[in-house]
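Since the structure comes first, as structure tokens, the remarks are kept for the end.
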Amino acid sequence: MEELDGDPAVTLIPGVNSKKKQMCFDWGPGEMLVCETSFNKKEKSKLVPNCPFIFIIRKDEDVYSQILRKLFNESHGIFVGLQRIEEELTGKSRKAQLVRVSKNYRSVIRACMEEMHQVAIAAKDPASGRQFSSQVSILSAMELIWNLCEILFIEVAPAGPLLLHLLDWVRLHVCEVDSLSADVLGSENPSKHESFWNLGRLDEARQMLSKEADTSPTSAGMCRTLGDLMRTMPILSPGNTQTLTELELKWQHWHEECERHLQDGTFTSSPHLETLCKIMLGDEAALLEQKELLNNWYHFLVTRLLYSHPTVKPMDLHLYAQSSLDLFLGGESSPEPLDNILMAAFEFDIHQVIKECSIALSNWWFVAHLTDLLDHCKLLQSHNLYFGSNMREFLLLEYASGLFAHHSLWQLGVDYFDYCPELGRVSLELHIERIPLNTEQKALKVLRICEQRQMTEQVRSICKILAMKAVRNNRLGSALSWSIRAKDAAFATLVSDRFLMDYCDRGCFSDLDLIDNLGPAMMLSDRLTFLGKYREFHRLYGEKRFVDAASLLLSLMTSQIAPRSFWMTLLTDALPLLEQKQVIFSAEQTYELMRCLEDLTAGRPVRGEPDAQRLQDDDIETTKVEMLRLALARNLARAIIREGSLEGS
Amino acid sequence: MGEIYAKFVSQKISKTRWRPVPPGSLQTAETFATGSWDNEENYVSLWSIGDFGNLDSDGGFEGDHQLLCDIRHHGDVMDLQFFDQERIVAASSTGCVTIFLHHPNNQTLSVNQQWTTAHYHTGPGSPSYSSAPCTGIVCDNPEIVTVGEDGRINLFRADHKEAVRTINNADSSTLHAVTFLRTPEILTVNSIGQLKIWDFRQQGNEPSQILSLTGDRVPLHCVDRHPSQQHVVATGGQDGMLSIWDVRQGTMPVSLLKAHEAETNLHRNKLLRSYLLVWEVHFHPSNPDHLFTCSEDGSLWHWDASTDVPEKSSLFHQGGRTSTFLSHSISNQANVQQSLISSWLSTDTTKDRIEITSLLPSRTLSVNSLDVLGPCLVCGTDAEAIYVTRQLFV
């Protein structure tokens, strides 16, 4: 066992007194059942009233959020699309595709976050409002982490463009903090406008400078100089073809010029503008003075990189990140989980990122999808877990199991299991059988899932469940259809017997629309064949095709398809044929019939203790046999005469 | 086709229906109803695609549909039909049939009329009832016909508390859908591939006619009648087959068209034929040379049998998926006058004339329901999304 990464979270169950009572539990696929036992912990004598409830404890509660359901559904489509990306795609086009997938995931998170935010604002009671707001911040953190991972691991931005990406990254998330917390920085207040150009928004900052210049003409000159410095700051633009070395050179010149202005004391008369100039020189102390304007340490980090190391290399990032975190926190507070996650990303430690996220976040959605995407970037190949399969598969399985525990999201889980090569199929097999089938329509959907994956065992079991249900509901036709579909011979026999019993009771067949149209399905079981053939006999008889009917009837007995218990009924059915004016059974056929009758009567077991009812039954039976013997004998005589005279003529 | 808008609604959608526009009005469709299934709480909801002039956060016009009102529905919504402008009839998996009334003034829905045990099973030898899902309904004011898993057919009148007519054990298997042929005749399809015609003027529980696919007993899941040629009927089957029937003659379908078939490479090296149940089929009400189907594999198809298809090679243009269709000439058409033949029945040239287009960009989970009215189409999926387009024939 690996050591634990932290103390497991304690979940308190309202109403259960775990101090006094012992509890018992049972695992389910995605949840746990907990209840109080009647055992006391210490004092046996003291009677504490029992908690009369059984609690269902769900580990993945986010699955039950109405808004997050949209995230799960929409991202499911993206996930499936990603799995279908051609393996052959290599190099640039593959990378472009993966980046697009990553952006799609992020835009789904953002859409969800926006909706959650709307709901939080509209929430009537403060408690649920708070709950939604905390969800918003979780989603926001998820997006922040995802975006950074996208830049570092998927986009793999080289020195130069890397900083541009990071600028976008901070800009996007600071903006969002702005708009979401409604803490919009007052544009008329010059003491606050630094934060804008801290982000590299030099244009806006320049506009504000000129505004200030208008209001105080004394400082106009200084403002203009500073504005010029801002304008001339060399920045790598995406469309620019200049090399990194050129940029570094230009940047060096510009930096020296700023420094000269500072040393010349150009801004000494305005401490405020001097601070600005210092910041532009990447002066850490000056930046830290504005700490309250920088939302967080990574904001500080990116600002610092912009003004002191614009061409930072990916590999050096973690050095600046660590020192920025240390400087920003200044030993006052310890890093939060989010800080650790981002730091791990800056250190390019993907596994640490995923691990920290798994611990910190309340759902598997994030880690499962991020890990899968990174795996598609071929970043996780070497890592295998000591249990189950690799990390990607492990997380996907956890997520999909969570979906399957949900009343209606189970359908999404299927595709996730499909893309887990090692344990996906067995997991699906275990989960799919637990889906409650309240309508045939739902059953058909589950069946389709199983049939598509050739899960014959599950197909059989589902059809059997439906067939059983139909029998319980007295829907024999449906029951037969389901057992035919499951190719379940035993059950088809059972249902056929029910049909035959009904026939004996009522003297007519039910569900003719089905029985008359069995077709090749009739061959599934002997009893079903018999049912179909016996019905065919009745049809032939009804159509007055007596000769065909007679030979069919006889063959049912001689071929042993008809159950022995049914022979008497068949022989009785032969009676009207024997009584017909013309001879229908030939002599040979009559002998066969006689043999059948004698077989049947000879085989009768000797019964014990006869009661009145049985005596009466036996009486009827004896009369029947006598009648049959008589009819057979008469028919035999007629047949012999006819056959003899036909041959003679 | 114009743009198609998707909205995720946090519930699996089982049915989508346009509210009919008043006869003779020039209005286009702007309100539709949806029903959900397989949720812990299911709803019947009304949505509007009308222009509210609302701008989204990006300042652009948001093209998607807005929720007008909804109401709890006990059990899965198995079918949904507009009875008139204000009333919606819903079929429940609990065997209950409910008429909901829409109050446009305060945008609410209320229960107007309910038949709680319209469909039920009776256990063997016991008088105990257990509910049976009601699987299909069809309305023709003032009549409502319902069918269910119990093989029962009910005829209700909106103003009657009790069923006007019930045919018990009408079918030995599950009835999946029902539609009116010519009042008082109805058509049902069942789970053993049969199409039955019932005449309410006749007593007893026997259909007046049974039509079926030859031998293979493939379940039929949906049925729709040609809006102007009442003898032409389309059904969708469990194997993805769309069948066109001429109920005046023969007992077998006139043509079988196969589109809901695709190969998946789900498991590598093992090409599997998907099992693509067709959930709904609809003739376009005013443009019946066009037909629409949706299926369990998440596809939504537009079938165009109009004769003036300009270009034939632009067939299967979306998605790049292979879709084959075949057309058998089954019944003998010689004695039918050419001029009367619907474009769906003329079998010799169908092959050259039916254009099939996929309307949804990517497929994953089932498209359970669709409805067309004028230039508008709405469909709902198990991926909890509702798709709407207002420019079907652009």
Side-chain angles (χ1 to χ4, degrees), chain A residues 64-74 76-77 80-81 84 108 111 114 406-412 414-415 418 425 438-442 444-445 447-448 451-454 469-478 480-482 484-485 498 510-515 517-521, chain B residues 8-12 14 36-40 57 75-76 78 93 121-125 130 132-133 135 149-151 169 171-174 176 190-194 196 207 210 212 214-217 219 221 238 264-267 270 272 274-277 296-297 362 364-366 382-385:
Chain A
Y64 298 90
S65 153
Q66 285 294 311
I67 296 167
L68 290 182
R69 271 176 85 155
K70 299 182 185 183
L71 175 72
F72 302 144
N73 273 295
E74 215 169 339
H76 165 260
V80 173
R84 289 176 187 162
V108 177
E114 262 155 40
H406 188 272
H407 190 80
S408 49
L409 291 175
W410 57 273
Q411 267 173 306
L412 298 178
V414 176
D415 282 310
D418 276 347
R425 188 175 166 105
N438 53 328
T439 64
E440 282 192 13
Q441 197 165 316
K442 187 171 179 183
L444 285 170
K445 282 177 186 273
L447 260 182
R448 172 182 177 262
E451 285 181 338
Q452 235 182 0
R453 290 159 185 78
Q454 292 168 327
K469 235 175 165 171
V471 167
R472 263 205 307 280
N473 290 326
N474 229 359
R475 300 277 302 150
L476 295 184
S478 262
L480 191 55
S481 291
W482 285 116
I484 289 172
R485 181 151 177 185
R498 280 282 302 272
S510 59
D511 302 343
L512 288 180
D513 50 353
L514 173 68
I515 299 171
N517 289 289
L518 284 173
Chain B
F8 286 86
V9 293
S10 297
Q11 47 187 336
K12 292 202 266 194
S14 55
S36 72
W37 81 285
D38 205 27
N39 293 306
E40 274 170 305
S57 48
D76 295 347
M78 302 293 285
S93 58
H121 292 297
T122 44
S130 68
T135 52
E149 273 185 26
D150 53 358
N169 280 320
D171 204 303
S172 60
S173 36
T174 297
H176 283 145
N190 70 11
S191 61
I192 53 170
Q194 293 168 332
K196 297 183 181 176
I210 299 182
S212 67
T214 39
D216 37 9
R217 306 167 66 253
H221 284 277
Q238 191 158 290
T264 64
N265 50 356
L266 190 65
H267 304 288
K270 230 188 273 170
L272 294 172
S274 297
Y275 163 88
L276 312 169
L277 199 156
E296 178 67 22
D297 69 326
S362 64
T364 46
L365 294 187
S366 171
D382 276 345
E384 309 192 340

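Residue numbers start from 1 in every chain, and the chains themselves are labelled A, B, ... in the order their sequence lines are given, proteins ahead of strands.
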Original post:
Step by step, would you call A:Q441 with B:T135 a side chain to side chain contact (heavy atoms under 4.5 Å, CB included)?
Top reply: CA-CA 9 Å; A:Q441 197 165 316; B:T135 52; 5.6 Å; no
**OP:** Could you tell me which portion of B:E384 (side chain, backbone, both or neither) has an atom closer than 4.5 angstrom to a non-hydrogen atom of chain A?
**Re:**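 When you check distances to chain A, atoms from both the backbone and side chain of B:E384 fall under 4.5 Å.
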Original post:
Under a 4.5 Å heavy-atom cut-off, does chain B meet the side chain of A:I484, its backbone, both or neither?
Top reply: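 A:I484 touches chain B through side-chain heavy atoms alone.
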Original post:
Side chain, backbone, both or neither: which part of A:W410 has an atom under 4.5 Å from a heavy atom of chain B?
Top reply: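 When you check distances to chain B, only side chain atoms of A:W410 fall under 4.5 Å.
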From [atom1] ([X]) to [atom2] ([Y]), nearest 0.5 Å:
{"X": "B:L365", "Y": "A:Q411", "atom1": "CG", "atom2": "CD", "value": "5.5 Å"}
{"X": "B:L277", "Y": "A:R448", "atom1": "CG", "atom2": "CZ", "value": "8.5 Å"}
{"X": "A:N73", "Y": "B:K12", "atom1": "CG", "atom2": "NZ", "value": "9.0 Å"}
{"X": "B:S130", "Y": "A:R472", "atom1": "OG", "atom2": "CZ", "value": "8.5 Å"}

Original post:
If only atom types and distance count, is the side chain of A:K442 paired as donor or acceptor with the main-chain N or O of B:D38 below 3.5 Å?
Top reply: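 Side chain of A:K442 to backbone of B:D38, a donor-acceptor pair under 3.5 Å: no, none is there.
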Original post:
Excluding sequence neighbours, so at least two apart, what forms side chain to side chain contact (heavy atoms under 4.5 Å, CB included) with B:P219?
Top reply: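 Checked B:P219 against side chain to side chain contact (heavy atoms under 4.5 Å, CB included); matches are B:H176, B:S191, B:H221, B:Q238.
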If you take all heavy atoms of [X] and [Y], which pair is closest and at what distance?
{"X": "A:N473", "Y": "B:H121", "value": "ND2-CD2, 3.2 Å"}
{"X": "B:P133", "Y": "A:N438", "value": "CG-O, 4.1 Å"}
{"X": "A:S478", "Y": "B:S173", "value": "OG-CA, 3.9 Å"}

**OP:** Please test B:D382 against A:K445 for side chain to side chain contact (heavy atoms under 4.5 Å, CB included), starting from the C-alpha separation and ending with a verdict.
**Re:** CA-CA 10 Å; B:D382 276 345; A:K445 282 177 186 273; 2.7 Å; yes
Subject >> Sole candidate of A:H406, A:R69, A:H407 that passes side-chain hydrogen bond (donor to acceptor under 3.5 Å, both in side chains) when paired with B:N39 >> reply: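 Only one of A:H406, A:R69, A:H407 forms a side-chain hydrogen bond (donor to acceptor under 3.5 Å, both in side chains) with B:N39, namely A:R69.
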Original post:
Using a cut-off of under 4.5 Å for heavy-atom pairs, which of B:E149, B:Q11, B:E40 has the most such pairs with chain A?
Top reply: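 Maximum pair count with chain A is reached by B:E149.
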Original post:
Top residue by heavy-atom pair count (under 4.5 Å) with chain A, among B:N169, B:D150, B:N190, B:V9?
Top reply: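 The option with the most such pairs is B:D150.
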Subject >> salt bridge (Lys or Arg N to Asp or Glu O under 4.0 Å) against B:D76, all qualifying residues, sequence neighbours excluded >> reply: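 With sequence neighbours excluded, B:D76 shows a salt bridge (Lys or Arg N to Asp or Glu O under 4.0 Å) to no residue whatsoever.
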**OP:** Considering only heavy atoms and a distance below 4.5 Å, find which of A:L476, A:L514, A:L480 pairs most often with chain B.
**Re:**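 Of the candidates given, the most pairs with chain B belong to A:L514.
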